[in-house]
Amino acid sequence: MTTRYQAPRGTQDVLPDMQPYWDAVLEGIREVTRLHGFRRIDTPAFEYAGVFEKGSGDTTDIIEKEMYVFEDRGGEKLALTPEGTPAICRAYLEHGMASWPQPVRLYTTHAMFRYDRPQKGRYRQHTQFDCEVFGSADPLVDAEVIAVLWRLYERLGIRNVTVRLGSLDDWDARRAYIERLKDYYRPHLEKLSEDSQRRFARNPLRLLDSKDERDQPLKEGAPKLVEQLSAPAQAHHEAVTGALAAAGIAYAVDPLLVRGLDYYNRTVFEVVPNDDERAQGTLGGGGRYDGLIELLGGPPTPGIGFGTGIERLILEMQKNGVAFDDGSTASVYIVQRAEGAGAKVFALAAELRDLGVATLIGETGKSMKAQMRGANHSGARLAVIIGEDEWAAGQAVLKDLAGEGDQETLPFAAVAATVRERLEQIATKISAAG
RNA sequence: GCGGGCGUAGCGUAGUGGUUAACGCGUCUGAUUGUGGCUCAGAAGAUCGAGGGUUCAAAUCCCUCCGCUCGCCCCA
């Protein structure tokens, strides 16, 4: 096969068969955010690159090697959104949300772009459901944000997931901890994997989630931040875990949990399937970022949020056996096989649609058999058949495509009303049986 | 950026030097009925990922490139 045109690397088409999953996810998001009082915000597909360079930390991989940056024709340096939080923070500042009633709860679903090497569950364009809460440092808000995620997964039929919870303490305490961590590792540098030697220099926290066997022995004895939190961070952490436990959310405190972005403090979390140890099995993650708004030039403003990848959610739904019926696109299919009937048939279809009935018309000139096949494929429940005989007599045949295929003949003028009546009867029968 | 696997009709596969590249599903057309599904019959659909090389002869062997995929780094 010569594929002359194909979607760019790391992107994908969402074909009709997959749309029910997207519908279910988006509907779930709408419902769950409603229950938690979040309001929707949409930000542009691209931003000035500085928003992310400043917001995400310009030494993170996302910025250094994964961001799609480009100059527009006016010489502005722009970037396709690699991450939602900084963009929403920008909007918070731009629209003066600090003077809205606090806290401000926002959510969005947004296409994210990262120049990564694609693999299963990792794409150059993916979609994230993002939630952010600004203006509250209350640990109950941390728990609430996690609860939003949890409720969504539950609703979508995703079982067997665990919230991994950690705390990065506050900024100064974390810096001190990183020094302790480096002191611990420094005498053993040669024993570490090459990757971890690089981590030591660049991002010491990452030492803790190395998968390399050579790094495991040292990991166990390493100082754990979550076990030596400062008093305020410790109290905060306990309030979060207490709330989660009370709400029946399955969390596990993970002293080795590391989140990639610079701006987090205190609570960090991610949600992973219990049976999946792959690194990109992570369904969602987030944390508190009390310093971020200030970093972007605003007033000191606490914040917390998460992102969860919708493509990964859908993969996980499929793994959990969530399936959908083939969506039928029509309720009625008009089979028309009569010279000169086209305009009248078209008007009938319009009448049916005015009544809210999804209607398709068989292709003019095709055989009755071919049109009936079309009716079958369309998923329509009823067929309206107008052959030469019916047309000449001013009639139409109404056929039930389920079961035996019962038929009734009726005057053409009565078709629309009868169709609606029959569909209503069928609907009540189904709901009575269901 | 690094390493492994794989590229044959829309999809899933068979074919590993030798006639017009095969099968299943799907699509289209027809038969049984001016009427779908089941069954049956037929048709369309493949420059065998691309380019080059070896050979009398290449889907099959060699080289290069491209793409997909899995893993690492990292992330949703």
Side-chain angles (χ1 to χ4, degrees), chain A residues 1-12 15 17 56 59-67 81-85 109-130 149 193-199 202-203 206 209-212 258-261 270-273 277-286 306-316 333 335-338 362-363 366-392 397-407:
Chain A
M1 179 185 63
T2 305
T3 307
R4 203 170 306 243
Y5 293 107
Q6 52 187 43
R9 176 166 233 200
T11 66
Q12 53 182 354
L15 297 176
D17 280 351
S56 304
T59 59
T60 56
D61 271 19
I62 288 184
I63 302 311
E64 259 191 354
K65 64 175 209 190
E66 294 175 5
M67 196 160 68
T81 303
E83 213 224 322
T85 303
T109 58
H110 198 292
M112 304 288 160
F113 303 88
R114 293 179 199 168
Y115 190 82
D116 244 0
R117 184 93 178 247
Q119 59 192 82
K120 191 177 186 66
R122 189 171 66 193
Y123 311 102
R124 287 184 173 181
Q125 177 183 341
H126 73 281
T127 314
Q128 271 186 40
F129 163 43
D130 258 300
L149 255 188
S193 64
E194 301 75 33
D195 277 340
S196 281
Q197 293 186 23
R198 214 169 330 113
R199 290 185 180 107
R202 252 190 109 217
N203 191 349
R206 283 262 156 231
D209 73 342
S210 167
K211 273 165 272 176
D212 196 298
V258 177
R259 297 289 305 161
L261 300 161
E270 58 186 39
V271 181
V272 290
E277 293 308 311
R278 293 172 316 158
Q280 73 284 2
T282 304
L283 294 176
F306 68 77
T308 185
I310 293 182
E311 287 82 359
R312 286 187 186 178
L313 280 186
I314 290 174
L315 285 172
E316 200 58 30
Y333 194 103
V335 173
Q336 45 120 8
R337 187 89 181 117
E363 205 177 321
K366 278 202 163 188
S367 74
M368 196 164 282
K369 177 198 283 287
Q371 292 188 54
M372 283 302 294
R373 262 201 285 263
N376 199 45
H377 288 153
S378 75
R381 176 61 195 257
L382 299 175
V384 173
I385 301 168
I386 302 159
E388 291 291 359
D389 296 347
E390 289 82 4
W391 179 243
V397 167
L398 187 54
K399 176 167 180 145
D400 188 342
L401 292 173
E404 299 297 302
D406 300 335
Q407 301 194 172

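Every chain is numbered from 1 and lettered A, B, ... according to where its sequence line falls, protein lines coming before strand lines. Only this structure's heavy atoms are used, side chains among them; waters, hydrogens and symmetry mates stay out.
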>> Categorize A:Glu83 for me: base, sugar-phosphate, or nothing, with a 4.0 angstrom heavy-atom threshold over every strand shown.
In response: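 The residue A:Glu83 makes no contact with any strand.
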> With a 4.0 Å cut-off on heavy atoms, is A:Gln125 in touch with a base, just the backbone sugar-phosphate, or nothing at all?
Replying inline: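 It contacts nothing in the nucleic acid.
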Counterpart residues, side-chain hydrogen bond (donor to acceptor under 3.5 Å, both in side chains), relative to [X] (two or more places apart):
X	value
A:Glu270	A:Arg164, A:Arg259
A:Asp400	A:Arg381
A:Asp212	A:Arg214
A:Ser196	A:Ser193, A:Arg199, A:Asp215

With rounding to whole Å, what would you report as the distance between [N] and [M] at their [atom1] atoms?
N	M	atom1	result
B:U16	B:C61	C1'	9 Å
B:G49	B:U60	C1'	15 Å
B:C25	B:A14	C1'	15 Å
B:G12	B:G7	P	12 Å

> Which residues pass the side-chain contact (heavy atoms from CB on, under 4.5 Å) test with A:Arg373, sequence neighbours left out?
Replying inline: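 Residues passing side-chain contact (heavy atoms from CB on, under 4.5 Å) with A:Arg373: A:Lys369.
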> Excluding sequence neighbours, so at least two apart, what forms side-chain contact (heavy atoms from CB on, under 4.5 Å) with A:Gln12?
Replying inline: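 Scan of A:Gln12 (side-chain contact (heavy atoms from CB on, under 4.5 Å), adjacent residues dropped) gives A:Tyr123, A:Glu311.
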Taking 4.0 Å as the cut-off, does a side-chain nitrogen or oxygen of [X] come that near to OP1 or OP2 on [N]?
X	N	value
A:Gln119	B:G71	yes
A:Arg199	B:C74	yes
A:Thr127	B:A76	no

>> If the condition is salt bridge (charged side-chain N to carboxylate O under 4.0 Å, His left out), which residues does A:Arg198 pass it with, not counting sequence neighbours?
In response: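 Expected list: A:Asp195.
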> Taking the side chain from A:Arg122 and the backbone from A:Arg117, do they hold a donor-acceptor pair closer than 3.5 Å?
Replying inline: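 Confirmed, A:Arg122 side chain pairs with A:Arg117 backbone.
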>> Please check this pair: side chain of A:Arg124 against backbone of A:Tyr115, looking for a donor-acceptor N/O pair closer than 3.5 Å.
In response: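 Such a contact is absent between A:Arg124 side chain and A:Tyr115 backbone.
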Give every pair of a protein N or O atom and an N or O atom of nucleotides 65-68 of chain B that lie under 3.5 Å apart, one pair per line with the distance.
residue, atom, partner, partner atom, Å
B:G67, O3', A:Gln6, NE2, 3.4
B:C68, OP2, A:Arg9, NE, 2.8

Listed nucleotide nearest any side-chain atom of [X], set [options]:
X	options	result
A:Arg312	B:G71, B:G30, B:A76	B:A76
A:Lys211	B:G34, B:C72, B:U29	B:C72
A:Arg122	B:C74, B:U29, B:G71	B:C74
A:Ala370	B:U29, B:G34, B:G71	B:U29

>> What I want to check is whether an N or O donor and acceptor connect the side chain of A:Glu66 with the base of B:G1 at under 3.5 Å.
In response: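 Answer is no: no donor-acceptor pair is held.
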Write down the protein N/O and nucleotide N/O pairs, taken from nucleotides 37-44 of chain B, whose separation is under 3.5 Å; answer none if there are no such pairs.
residue, atom, partner, partner atom, Å
B:G37, O4', A:Asn376, ND2, 3.2
B:G37, N1, A:Gly403, O, 2.9
B:G37, N2, A:Gly403, O, 3.3

